[in-house]
There are 2 protein chains.
Amino acid sequence: MSTKSSPRTPARPRSPSPNRRERVPDHRAAGAPAAPAFRPIHTRRAFEEICERIREQLALGVLKPGDKLPPERDLAQQLGVSRNVLREALRSLEMAGVLRLLKGVKGGAFIQEGDTSRMNGVMRDMLSLGTISVRELSEARVHVLDLVVRLACANARKADLDALEANIRRTEDATREGRLLDRVECSREFYKLLAASTGNKVIAMIMDSVTEIHMRFVYAKVSSSGVAMARLAEKRRQFLAALGERNVASATRLMRTHLESVQRMLEQDPGAMSLHVALAEVQPGMRR
Amino acid sequence: MSTKSSPRTPARPRSPSPNRRERVPDHRAAGAPAAPAFRPIHTRRAFEEICERIREQLALGVLKPGDKLPPERDLAQQLGVSRNVLREALRSLEMAGVLRLLKGVKGGAFIQEGDTSRMNGVMRDMLSLGTISVRELSEARVHVLDLVVRLACANARKADLDALEANIRRTEDATREGRLLDRVECSREFYKLLAASTGNKVIAMIMDSVTEIHMRFVYAKVSSSGVAMARLAEKRRQFLAALGERNVASATRLMRTHLESVQRMLEQDPGAMSLHVALAEVQPGMRR
DNA sequence: TTCCATTGAATGGGTGATCCATTTAATAAT
DNA sequence: ATTATTAAATGGATCACCCATTCAATGGAA
């Protein structure tokens, strides 16, 4: 195959020039104290370039959610790469939530609607890699939640409040019937609904990302020890009332004291708080 | 190869049972108003399982940053998959910032230190896909910045303030010498330093993710129109002084008015504010 | 006609063999 | 001791297949 390799190489200029990225000499002006200089370069690889081009088409609006890319065999030929390499790129984009690959005739690579839960995965990775700590995450959650409560007070619409109301009813049902883990699931959803009621998907996304791990800890705790927050639905109702009255001070206070009591519950047996308990497996109903 | 396929299949149970994920019947209890039910399943594929297993090892602490995975050929055999499929998984993990692949003897797949800028990519994708809007992002940025200022007032250490001071000096230099784009770069760094001075990497990560796109707009604006924020360094000094005095009210007020004036600058020519201008290409010095 | 089973093409999922390019260490030549 | 050469390890990439799934077209039975 190396002998007849002529018809395939042209589209992607391979070896010499574009293979090493231009050394940009850290052009921060004089007076800079830091400048560790020389961040490493890594040679440009085909699949990176493919990912970049597809993202470029997205940013340009040429590709939109719902659109379909050409079949792998065709696209590979268009790009002048082997099908395997193209698939590496497509897989990466699928993992990133940009694409969805479907089999069969009428299948193909479809641009996805953006999945706001992607940020959760980043947060999980950062935690797994030790880049961030549970303490930082909890602290951030307190602050973000504070912001969310304020925004929800300002922006929540009737439909949002109704959804929260329905959620609380489900919490009551689960409490009455002793379905503790379902109640945790309700909590997860409660915070998601609260985040959505800010009316800002960016804020909601951030909120969800700092909440997901926390709910895993709660799940693990409840699951292992059987303990559960007392008077949960009652507290939720109080909070919802404050929200409905647009009473920021009250809502904020209620949420804060609730967070503190949850934190106390989690911390009373630090053994169960190990990271891998929360990260290792996906609980039922927890969508990744 | 299909004839002697016996030695490779065992590690990964393939076709029938684990191929379709269990239908979880949307077990939200009675009273639920919503429930779109039936979110689609997609068949489990080898590369997903591989990614999951490696992430599992990470979460369990078996793998840590700096560790090296076995060579592709070995690992593929251990997992009972072909090398190509393994590479799809490794590529995905590399794109996610979890791995780094290096060539040559002594090369291999190394677990990376967590890269806090990964969240930026998610934000970019969400914007490209139209899931979030520039308006939402700007609004979120205002709120997050507000939080960051408060936390920075509370937690910034001398080293943080010194770094900000040095950054302002560079801004002054760039202003004096008319290097407008360098000054934008200084701004980008200013917000990064400010975020870091909260002492919370999660908050910093969030802040960076909502700032990166914004700075691209600023860059595009300055680059195309040549206009630039008046009295920038001066305003920065005032802000830094307030920060040094732990004067939350003053620092917050200064930051807010500054944000408003930047916003006015950006909006006075909405033509240059198109999304793809900011998203399409990476500006020099802007690390992705 | 209507309905259902069959078939076959399109497409992603996956494999194995093979070669290239880069990097490093060991070795040989100077 | 220094420098050039060589060889091995490893990721990067290609090719040529084959399998599994899906769905539309086809055709026969009711």
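Each chain gets a letter, A, B and so on, in the order its sequence line appears, and its residues count up from 1. Bear in mind that the values here come from a model prediction, so they are computed numbers and not experimental data.
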- Task: Could I get the full list of side chain to side chain donor-acceptor pair (under 3.5 Å) partners for B:Gln57, not counting sequence neighbours?
- Result: none
- Message: According to side chain to side chain donor-acceptor pair (under 3.5 Å), who are the partners of A:Ser133, at least two apart in sequence or on a separate chain?
- Response: A:Glu136
Dump every N/O contact between nucleotides 8-11 of chain D and the protein below 3.5 Å, one line per pair.
{"from": "D:dA9", "atom 1": "N3", "to": "B:Val105", "atom 2": "N", "distance (Å)": "3.2"}
{"from": "D:dT10", "atom 1": "O4'", "to": "B:Gly104", "atom 2": "O", "distance (Å)": "3.4"}
{"from": "D:dG11", "atom 1": "OP2", "to": "B:Glu72", "atom 2": "N", "distance (Å)": "3.0"}
{"from": "D:dG11", "atom 1": "N7", "to": "B:Arg73", "atom 2": "NH1", "distance (Å)": "3.0"}
{"from": "D:dG11", "atom 1": "N7", "to": "B:Arg83", "atom 2": "NH2", "distance (Å)": "3.3"}
{"from": "D:dG11", "atom 1": "O6", "to": "B:Arg73", "atom 2": "NH2", "distance (Å)": "3.1"}

Contacts table for residues 202-210 of chain A: side-chain donor-acceptor under 3.5 angstrom, sequence neighbours left out:
{"from": "A:Asp208", "atom 1": "OD2", "to": "A:Lys192", "atom 2": "NZ", "distance (Å)": "3.1"}
{"from": "A:Ser209", "atom 1": "OG", "to": "A:Ile206", "atom 2": "O", "distance (Å)": "2.7"}

- Query: Should the pair A:Glu56-A:Arg53 be classified as a salt bridge under the 4.0 Å nitrogen-to-oxygen rule?
  - Reply: no
- Set of side chain to side chain contact (heavy atoms under 4.5 Å, CB included) partners for A:Pro71, sequence neighbours left out: A:Asp74
Interatomic distance, [X] [atom1] vs [N] [atom2] [rounded to whole Å]:
{"X": "B:Leu86", "N": "D:dA13", "atom1": "CG", "atom2": "P", "answer": "15 Å"}
{"X": "A:Gln77", "N": "C:dT11", "atom1": "CD", "atom2": "C1'", "answer": "16 Å"}
{"X": "A:Asn84", "N": "C:dG12", "atom1": "CG", "atom2": "P", "answer": "14 Å"}
{"X": "A:Arg100", "N": "C:dT11", "atom1": "CZ", "atom2": "P", "answer": "18 Å"}
{"X": "A:Ile50", "N": "D:dT14", "atom1": "CD1", "atom2": "C1'", "answer": "13 Å"}

- Query: Applying side chain to side chain donor-acceptor pair (under 3.5 Å), which residue pairs with at least one partner in residues 62-72 of chain A are found, sequence neighbours left out?
  - Reply: A:Glu72-A:Arg83, A:Glu72-A:Arg87
